[in-house]
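We name chains A, B, ... by the order of the sequence lines, and we start the count at 1 in each one.
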There are 2 protein chains.
Amino acid sequence: MESKSATLSLSALGHDGRLAIFRLLVSAGPTGLAAGEIARRLGMVPNSLSANLNILSRANLTTSRREGRSIIYQADFSTMTALVGFLVGDCCGGAPEICSPLNQLLSQSQQCAPTPSRQKEPC
Amino acid sequence: MESKSATLSLSALGHDGRLAIFRLLVSAGPTGLAAGEIARRLGMVPNSLSANLNILSRANLTTSRREGRSIIYQADFSTMTALVGFLVGDCCGGAPEICSPLNQLLSQSQQCAPTPSRQKEPC
DNA sequence: CACATAATTCCATTATCCTAGAACTATGGA
DNA sequence: TCCATAGTTCTAGGATAATGGAATTATGTG
């Protein structure tokens, strides 16, 4: 990910409504959520929601597919990965010794990865 | 970190100039950089830079200290850690199976942590 | 085809942000 | 004290973004 793309993603997420939408979609996982369902859960009017979904989409943070009358939105995880990688890369480029708190945190999140046993507890 | 604080940080970073400033400060590490030096390196006029540093500071992304005539700015790593944790937490809360690319990436960044040997190569 | 539902697009108003010139404050040196 | 340097604050303009009502497009049903 390059700087321009990172700025786009960050500014897209730097908005209360859009961050809420994105988090909701991330927690919904690959199943995704219909626009109307998002609007209902977050109490947004449909046109504002649509505009914000469009902004998230242009930042490659979401994908969408049509299912009947509904359009299902889904978080694009690869962009989030790239974004975090961009920030983490910054960290490492400079002074490795200050990265340790971040790395501790990240190694904890490691436990969320799919393993035969015990997937969800520490999250 | 809660949502409001995350939005503040994300919108602060969602701006070309401020992202450049922040990355520069992160790469400078704990030594930090004087405002004038930042302005020189990034080709910014001092008042714009000052405004943007102020926005980063209000988002708790930077700290500053005076040294003689200069004011030295430094990236606040704990906020960046909390921000990444906020996003990663989102990931895990929902569907753990989609976290694996992120976790792979993060486990690579693990190698940047201070160890007796081989600190910088894979970054 | 007529109708209901699901979303999006259009549009105007309002609010917010960005920028840079100019003035101001703070520090250090002669 | 006087002056130079380092940053910040003030200010006004122009640009950009957010919002929600109304109209429009797309899909499915009777």
Visitor: Looking at B:L56 and B:R18, what are the two nearest heavy atoms and their distance?
Guide: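 Closest approach of B:L56 to B:R18: CD1-O, 3.9 Å.
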
Visitor: Considering just the side-chain nitrogens and oxygens of A:Y73, establish if one lies under 4.0 Å of OP1 or OP2 belonging to C:dA6.
Guide: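 Checking C:dA6 against A:Y73, no side-chain N or O comes under 4.0 Å of OP1 or OP2.
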
Visitor: When you check the phosphate oxygens OP1 and OP2 of D:dA6, does a side-chain N or O of B:S70 lie under 4.0 Å from one of them?
Guide: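 So the side-chain polar atoms of B:S70 never come under 4.0 Å of the phosphate oxygens OP1 or OP2 of D:dA6.
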
Visitor: Give a yes/no answer on whether the side chain of A:H15 brings an N or O atom under 4.0 Å of OP1 or OP2 in D:dT19.
Guide: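 So the side-chain polar atoms of A:H15 do come within 4.0 Å of the phosphate oxygens OP1 or OP2 of D:dT19, strictly under.
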
Visitor: Look at the side-chain heavy atoms of Ile, Leu, Val, Met, Phe, Trp and Tyr, link any pair under 4.5 Å apart, and say whether A:I55 and A:I38 land in one connected group.
Guide: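 Unlinked, A:I55 and A:I38 end up in two clusters.
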
Visitor: Rounded to the nearest angstrom, tell me the gap between atom CG in A:L33 and atom C1' in C:dA7.
Guide: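 Spelled out: CG on A:L33 to C1' on C:dA7 is 15 Å.
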
Visitor: What's the closest nucleotide to the A:A35 side chain, out of C:dA20, D:dG7, C:dA7?
Guide: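 Shortest atom-to-atom distance from the side chain points to C:dA7.
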
Visitor: Compare all side-chain heavy atoms of B:L19 with those of B:R23 and state whether any distance is below 4.5 angstrom.
Guide: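 A side-chain contact exists here, since the closest heavy-atom pair is under 4.5 Å.
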
Visitor: If I take atom CG in residue A:L42 and atom C1' in nucleotide C:dA7, what distance separates them, rounded to the nearest angstrom?
Guide: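 Value for this atom pair: 16 Å.
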
Visitor: Mind checking A:R40 for me? I need base, sugar-phosphate or nothing, with any heavy atom below 4.0 Å counting as a touch.
Guide: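 Here A:R40 touches no strand at all.
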
Visitor: Please list, in numerical order, the residues of residues 49-69 of chain B that have a heavy atom closer than 4.0 Å to any atom of DNA chain D.
Guide: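 Those residues are B:S50, B:R69.
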
Visitor: Flag yes if A:F86 and B:L42 sit in one hydrophobic cluster, no otherwise; membership is Ile, Leu, Val, Met, Phe, Trp, Tyr, and two members link when side-chain heavy atoms are under 4.5 Å apart.
Guide: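 Result: yes, single cluster for both.
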
Visitor: Out of C:dT8, D:dG21, D:dG7, which has the shortest distance to the side chain of A:N47?
Guide: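 Side chain of A:N47 sits closest to D:dG21.
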
Visitor: How many Å lie between CZ on B:R41 and P on D:dA6, as a whole number?
Guide: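 Rounded to whole Å, this separation is 15 Å.
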
Visitor: Nearest whole Å is fine: how far is D:dA17 C1' from A:L13 CG?
Guide: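 About 16 Å, once rounded to whole Å.
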
Visitor: If I compare all heavy atoms of B:H15 with all of A:T7, which pair ends up nearest, and what's the gap?
Guide: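 The answer is N-CG2, 3.5 Å.
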
Visitor: To the nearest 10 degrees, what angle separates the axes at the start and end of the helix from C:dC1-D:dG30 to C:dC17-D:dG14, five pairs each?
Guide: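 Computed angle between terminal axes is 20°.
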
Visitor: Indicate, with yes or no, if A:I21 and B:L8 share a hydrophobic cluster defined by side-chain heavy-atom contacts under 4.5 Å among Ile, Leu, Val, Met, Phe, Trp and Tyr.
Guide: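 B:L8 does not cluster with A:I21.
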
Visitor: Within the structure provided, determine whether B:L10 and B:L13 are in side-chain contact (heavy-atom separation under 4.5 Å).
Guide: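 Result no, sub-4.5 Å side-chain heavy-atom pair not found.
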
Visitor: Given atom CD1 of A:I71 and atom C1' of C:dT5, what is their separation to the nearest angstrom?
Guide: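 Distance check: A:I71 CD1 to C:dT5 C1' gives 13 Å.
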
Visitor: Can you list every pair that meets side-chain hydrogen bond (donor to acceptor under 3.5 Å, both in side chains) and has a residue in residues 62-72 of chain B, with sequence neighbours left out?
Guide: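 Passing the test, one end in residues 62-72 of chain B: B:R65-B:E67, B:R65-B:Q74.
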
Visitor: Would you say a side-chain N or O of A:S48 is under 4.0 Å from OP1 or OP2 of D:dG20?
Guide: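 Indeed, a polar side-chain atom of A:S48 lies that close.
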
Visitor: Please report, rounded to the nearest Å, how far the C1' atom of C:dC17 is from the CG atom of B:L10.
Guide: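 After rounding, the gap between these two atoms is 17 Å.
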
Visitor: Considering all heavy atoms of both residues, which atom of B:G14 and which atom of A:S11 are nearest to each other, and what is their separation?
Guide: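 The pair with the smallest heavy-atom distance is O-CB, 3.3 Å.
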
Visitor: Using a 4.0 Å heavy-atom cut-off, does A:A39 contact any base of the nucleic acid, only the sugar-phosphate backbone, or nothing at all?
Guide: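 Contact class for A:A39: none.
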
